[in-house]
Participant: 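Pasting a structure below so you can have a look.
Quick note on labels: first sequence line is chain A, next is B, and so on, each numbered from 1.
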Number of protein chains: 2
Amino acid sequence: MAEDKKYQDASLPLPPDVEESLCRCGGIAGLTGQLPGDDLLKRESALFRALADPLRLKILAMLAVQPLCVCVIKAVLGIADSKLSYHLGVLKKANLIAGEAQGNWIIYRLTAEGEAWAQQIVDDNGS
Amino acid sequence: MAEDKKYQDASLPLPPDVEESLCRCGGIAGLTGQLPGDDLLKRESALFRALADPLRLKILAMLAVQPLCVCVIKAVLGIADSKLSYHLGVLKKANLIAGEAQGNWIIYRLTAEGEAWAQQIVDDNGS
DNA sequence: TTTTCATTTCAGATTCTTTTGAAATATCGA
DNA sequence: TCGATATTTCAAAAGAATCTGAAATGAAAA
């Protein structure tokens, strides 16, 4: 053993600069303590998973223009009803959109959270 | 362009307010024209897919504290080498992290894009 | 009431992502 | 050179997401 080691994680041989800065932040334990909790990470990754599909991003971009009923979204995307319904369900579950029945139709609009993300998506048009 | 029709998409029966605002933005065609291109949507959704996993978000949060070699990341996460390597590969391919060999180790750090996302993830600690 | 229309739900098939354990690569120190 | 260590790669298996077409729901018009 390297008994004169002043670092907490002496059991793990490391590159010098990593070891030094790791020590400065409290070693493995200190680093671990700074990380977001698993519940938060799970929620955040679920949000990203809802955004991880081109069709769904396109739906958000459409709804950023204006609220729309399912049949218009379908006309723009040119996909089957059930497929669209599936993707709308994913976005709804992620709290990015909300639907309100109006007579024979259901009109979907962005939630506040959906607005924020749609903005980010549409803004990116340049890069 | 010269049309007698008041609405471009008269074939599609719509709720009144959707029809009106849809007309104001140029009908189905006008709306379609405002949307981001498929190539951009694909790139953006690929980025979100890379972020759509709690382990990977945790890795980004770790690297927001400091650059780290694989063995430290592994010690914090407590997962198998090959599994970690897979997730590092996903993040690397999405251009969120980059690895630099240093002797026997590979030290990973956030890219500029990775920094921005890691910030967003860590900032969310309250909500 | 019956029909029609917009939308959702369901089950099965398909495709994509992730996990696993073993083998490969590559670098260091002796 | 050898052996140890850090990391990646690979193929197969497991799991999750998505697609499909058919059937169900529910509101409105006839």
Participant: Does C:dT8 have its OP1 or OP2 closer than 4.0 Å to a side-chain nitrogen or oxygen of A:Tyr108?
Facilitator: yes

Participant: Rounded to whole angstroms, how far apart are CG on A:Leu77 and P on C:dT7?
Facilitator: 13 Å

Participant: Would you mind telling me which residue lines up with the more 5' stretch of DNA chain D, B:Leu84 or A:Val90, judged by nearest nucleotide?
Facilitator: B:Leu84

Participant: In whole angstrom, what separates A:Lys92's NZ from C:dT9's C1'?
Facilitator: 12 Å

Participant: Tell me the closest heavy-atom pair linking B:Pro36 and B:Leu41, and the distance in Å.
Facilitator: O-CD1, 3.6 Å

Participant: Could you check A:Lys83 against A:Trp105 and say which one's nearest nucleotide on DNA chain C is further toward the 5' end?
Facilitator: A:Trp105

Participant: Rounded to whole Å, how long is the line connecting atom CZ of A:Phe48 with atom C1' of D:dA16?
Facilitator: 20 Å

Participant: Measure OH/A:Tyr86 against P/D:dA22 and give the value in whole Å, please.
Facilitator: 21 Å

Participant: Please report, rounded to the nearest Å, how far the C1' atom of C:dT7 is from the CD1 atom of A:Ile106.
Facilitator: 5 Å

Participant: Can you label the angle between the A:Phe48 ring and the B:Phe48 ring as parallel, tilted or perpendicular, going by 30° and 60°?
Facilitator: parallel

Participant: How close or far is atom P of C:dT8 from atom CG of A:Leu88, stated in whole angstroms?
Facilitator: 6 Å

Participant: Hey, does the side chain of A:His87 come within less than 4.0 Å of D:dC19's phosphate (OP1/OP2), counting only N and O?
Facilitator: yes

Participant: Return whichever of A:Ala52 or A:Gln102 has its heavy-atom-nearest nucleotide of DNA chain D closer to the 5' end.
Facilitator: A:Ala52

Participant: So which heavy atom on A:Ile79 is nearest to which on A:Leu55, and how close?
Facilitator: CD1-CD1, 4.2 Å

Participant: Nearest to the side chain of B:Ser82, which nucleotide is it out of D:dC19, D:dC10, C:dT27?
Facilitator: D:dC10

Participant: Measure CD1/B:Ile107 against P/D:dT7 and give the value in whole Å, please.
Facilitator: 9 Å

Participant: Would you kindly give the CZ-to-P distance between A:Arg49 and C:dT17, to the nearest whole Å?
Facilitator: 12 Å

Participant: Contact between A:Met62 and B:Thr32 at the side-chain level, heavy atoms closer than 4.5 Å - yes or no?
Facilitator: no

Participant: Given C:dC28, D:dT8, D:dA27, identify the nucleotide with an atom nearest to the side chain of B:Asn104.
Facilitator: C:dC28

Participant: Closer than 4.0 angstrom, basic N to acidic O: yes or no for A:Asp53 and B:Arg49?
Facilitator: no

